[in-house]
Amino acid sequence: MNSTQTLLRSHSSVRKYTGEEISREKVIELIETAQMAASSHFVQAYSVIWVTDEEKKQKLGELSKNDFQFKTAGASFLFCVDFKRLQVAGQKHGVEIVADSAENLLVGVADVSLFAQNFVVAAESEGYGICYIGGARTNPAEISALFDLPEYVFPLFAMTIGEPTKRNETKPRLPVAAVLHENSYNTAQYDTLLDEYDATMEAYYASRSSNQKMANWTKQMADFLIDQKRPHMKEFLASKGFTWQ
């Protein structure tokens, strides 16, 4: 493996940092690197809010139910799907864009995710730790109001980065055979592969250096997906101009 592959394979989430602030120059450098991610039709349907105001940072932590890690992070961000800038681009040519479609919603989510992952890899290559915070979708209307997000802009996730106080072990991922299908989708393999993966995860959870527990992957997923998550998101997205036409 080359150094890039080694870096990518070493990822683990970090939730406690030293508190050392990340400089403006470094943040701009990381954002510029993130911008080189692929973008569907080059729409670049993303914006990121750098949260430097301490009161807003505290409120974002509370609203996303992750206030602990914001207290020690070197920098905190809110990553957003953004079609407002594209609306303005259309208006410059007398066109009202059609952002209100399932396809454009998927384009925006993909663009933000690719942009954010470039940001993460760049940050980790500098020795920083990061954590994605999907809890930003727990109170999206309140977070939108907090940061003055207009129509056609909504928060997808927050992120903290900083100097980690410790490195967590990397969680074992699903075996390649469970995610790589050749020429056609193979459902038959899952019973055996998931049993094997459950055994791997049980050993990992029981032996890791902190927060040991008795758990496996399929039970966690069953418990997590038995109920609909964040049902408010459909109504919220409609309020921002995305009604999934």
Side-chain angles (χ1 to χ4, degrees), residues 8 11-15 17 21-22 24 26-53 56-88 99 104-126 128-162 229-230 232-233 236-237 239-242:
L8 291 170
H11 169 75
S12 62
S13 294
V14 173
R15 294 177 175 83
Y17 309 92
E21 187 174 332
I22 298 175
R24 178 168 292 274
K26 181 57 65 177
V27 168
I28 297 302
E29 177 186 302
L30 294 174
I31 293 294
E32 287 176 340
T33 302
Q35 286 184 271
M36 300 309 293
S39 170
S40 178
H41 208 70
F42 206 46
V43 297
Q44 303 172 84
Y46 50 73
S47 282
V48 58
I49 308 293
W50 181 13
V51 188
T52 58
D53 180 277
K56 287 192 173 186
K57 187 187 302 182
Q58 179 182 348
K59 191 64 175 177
L60 175 58
E62 294 171 356
L63 290 171
S64 62
K65 309 299 184 184
N66 279 274
D67 58 316
F68 172 76
Q69 59 181 292
F70 284 96
K71 295 176 181 177
T72 61
S76 303
F77 302 94
L78 184 68
F79 287 78
C80 304
V81 171
D82 183 357
F83 277 83
K84 171 56 71 174
R85 185 169 53 242
L86 293 159
Q87 183 186 47
V88 174
N104 280 339
L105 182 62
L106 291 174
V107 164
V109 170
D111 267 18
V112 176
S113 300
L114 292 169
F115 170 79
Q117 189 62 14
N118 255 27
F119 182 90
V120 165
V121 174
E124 292 183 334
S125 75
E126 297 277 355
Y128 297 116
I130 72 95
C131 188
Y132 283 94
I133 303 173
R137 298 188 301 278
T138 300
N139 291 292
E142 292 84 351
I143 288 175
S144 292
L146 181 65
F147 295 105
D148 304 313
L149 303 185
E151 180 187 36
Y152 293 155
V153 180
F154 66 87
L156 190 60
F157 44 75
M159 185 185 296
T160 55
I161 74 169
K229 303 301 179 185
R230 300 185 178 117
H232 58 267
M233 283 302 298
F236 166 72
L237 289 172
S239 76
K240 301 296 278 184
F242 297 90

Supply the atom-to-atom distance [X] [atom1] to [Y] [atom2], rounded to the nearest 0.5 angstrom.
X	Y	atom1	atom2	result
Glu124	Ile130	CD	CD1	5.5 Å
Phe115	Gln44	CZ	CD	9.5 Å
Thr138	Ile143	OG1	CD1	7.5 Å
Trp50	Ile31	CH2	CD1	9.0 Å
Lys57	Phe77	NZ	CZ	9.5 Å
Leu156	Ser113	CG	OG	5.5 Å

Minimum-distance pair of heavy atoms, taken over all atoms of [X] and [Y]:
X	Y	value
Ile161	Tyr17	C-CE2, 3.7 Å
Gly108	Phe83	CA-CE1, 4.1 Å
Glu151	Lys240	CG-O, 3.5 Å
Val153	Cys80	CG1-CB, 3.9 Å

If we ignore hydrogens and angles and just use 3.5 Å, is the side chain of Asp53 paired with the main-chain N or O of Lys56 as donor and acceptor?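 Yes, because the side chain of Asp53 sits within donor-acceptor range (under 3.5 Å) of the backbone of Lys56.
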
Excluding sequence neighbours, so at least two apart, what forms side chain to side chain donor-acceptor pair (under 3.5 Å) with Tyr132?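 Once residues adjacent in sequence are excluded, the partners of Tyr132 under the side chain to side chain donor-acceptor pair (under 3.5 Å) criterion are Gln117.
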
